[in-house]
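Report on the following structure.
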Amino acid sequence: MPTDQRHPTGGLELGYCRVSTTKQSLERQLDALSNAGLPDERVYVDKKSGATVDRPGLTDLLAYARPGDTIVVHTLDRLGRNLREVLNLVHDLGEKKIGVRSLADPLPINTADEGMGRIAFLLLALFAEMERTFTAERAAHARAVAEAAGRRIGRPVAHPSDKIEYARLLKGQGASYGEISAKTGIPKTSLHRYLQG
């Protein structure tokens, strides 16, 4: 993360990387930014869970960026958790005369380029929205086909219903949770959930 808060005159390219889970690696994004000529001191990073709203790297970057600067990302989706968030941020940056450039999108984007860059950005946004719709339709179709074939949809059952019924029977006979767990193979923590009430 940059340490020098003095902003030189003239447009700077400022890098931004984000991973949404702790299992993901920043290396590919960092390598792409380095290969594009961005020094480490001008690259901002967030490594947070996707559920976490707080992104201090992006906050610091937006506070530092000035009109004429360009924010460089590996792909546009790194700027937000969903399409609307990305579109809003790019629009807000455009109002402040701060460009956005992506390196590895199917249509590399550079919103500082008034003509083709903006058209490419809008097309990419449209394609992303269409892909989300198609993905939802494919998932709905797959669920319908599976249900028609009598297959269960969703997470697998942790403990079969016959074992849970057996556990209830044992509880009714006065068995302890430890005894029920030993006979059914269901952990005590799960038994508390199944046998409440």
Side-chain angles (χ1 to χ4, degrees), residues 15-33 35-36 45-55 57-58 62 71-94 99-111 113 115-168 184-187 189-197:
Y16 179 66
C17 298
R18 176 179 69 86
V19 289
S20 56
T21 68
T22 53
K23 291 181 182 176
Q24 290 178 324
S25 170
L26 289 165
E27 292 306 314
R28 184 173 55 136
Q29 295 176 60
L30 290 169
D31 286 348
L33 291 174
N35 291 337
V45 174
D46 279 318
K47 193 166 185 175
K48 298 276 185 176
S49 158
T52 304
V53 176
D54 186 32
R55 287 182 283 165
L58 183 61
L62 297 177
I71 294 171
V72 182
V73 289
H74 185 248
T75 53
L76 277 183
D77 62 356
R78 298 301 83 206
L79 286 173
R81 293 174 302 259
N82 56 54
L83 181 63
R84 182 179 296 276
E85 198 172 274
V86 172
L87 288 172
N88 287 341
L89 179 58
V90 172
H91 175 77
D92 292 346
L93 289 168
V100 175
R101 181 163 74 95
S102 72
L103 302 173
D105 280 315
L107 292 168
I109 305 300
N110 186 353
T111 61
D113 170 12
M116 289 308 294
R118 289 198 180 279
I119 292 170
F121 172 68
L122 293 171
L123 283 172
L124 188 67
L126 174 64
F127 296 153
E129 190 64 47
M130 288 169 59
E131 181 56 30
R132 265 201 348 209
T133 302
F134 294 151
T135 299
E137 287 174 356
R138 285 192 297 267
H141 176 70
R143 279 194 301 274
V145 168
E147 286 170 358
R151 293 195 306 271
R152 187 181 183 283
I153 305 300
R155 293 171 61 182
V157 176
H159 303 99
S161 57
D162 59 335
K163 279 195 176 185
I164 295 169
E165 285 305 313
Y166 182 46
R168 288 192 178 114
T184 62
I186 300 173
T189 53
S190 297
L191 287 172
H192 283 285
R193 187 172 68 250
Y194 293 138
L195 303 181
Q196 279 177 350

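Note that the structure is predicted; figures quoted are calculated from it, not measured. Count residues from 1 along the sequence.
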**Message:** For R28, give me all partners under side chain to side chain donor-acceptor pair (under 3.5 Å), at least two apart in sequence or on another chain.
**Reply:** none

**Message:** Measuring from atom CZ of R78 to atom CG of L26, what distance do you get when rounded to the nearest 0.5 angstrom?
**Reply:** 9.5 Å

**Message:** If you define the side chain from C-beta out and look only at heavy atoms, does anything of R18 sit under 4.5 Å from L58?
**Reply:** no

**Asked** Excluding sequence neighbours, so at least two apart, what forms side chain to side chain contact (heavy atoms under 4.5 Å, CB included) with V100?
**Response** L76, L79, V90, L93, T111

**Request:** Please name all residues satisfying ring-ring contact (aromatic ring centres under 6.0 Å, His included) with H141, sequence neighbours left out, ordered by chain then number.
**Result:** none

**Request:** Using side chain to side chain donor-acceptor pair (under 3.5 Å) as the criterion, list what pairs up with R193, not counting sequence neighbours.
**Result:** none

**Prompt:** Are S102 and T75 close enough that some pair of their side-chain heavy atoms sits under 4.5 Å apart?
**Reply:** no

**Complete:** Contacts of E85 meeting side chain to side chain donor-acceptor pair (under 3.5 Å) (sequence neighbours excluded), chain-then-number -> R55, R81

**Message:** So which atom in L103 and which in A32 form the shortest heavy-atom distance, rounded to 0.1 Å?
**Reply:** CD1-O, 3.6 Å

**Request:** Output all residues satisfying side chain to side chain donor-acceptor pair (under 3.5 Å) with T184, sequence neighbours left out; order by chain, then residue number.
**Result:** none

**Asked** Given E165 and D162, is the side chain to side chain contact (heavy atoms under 4.5 Å, CB included) satisfied, shown in steps?
**Response** CA-CA 5 Å; E165 285 305 313; D162 59 335; 5.6 Å; no

**Message:** Taking side-chain contact (heavy atoms from CB on, under 4.5 Å) as the criterion, tell me which of V45, L62, L33, D46 meets it with Y16.
**Reply:** D46

**Residues that I164 engages under side chain to side chain contact (heavy atoms under 4.5 Å, CB included), provided they are two or more places apart** = H159, R168, I186, Y194

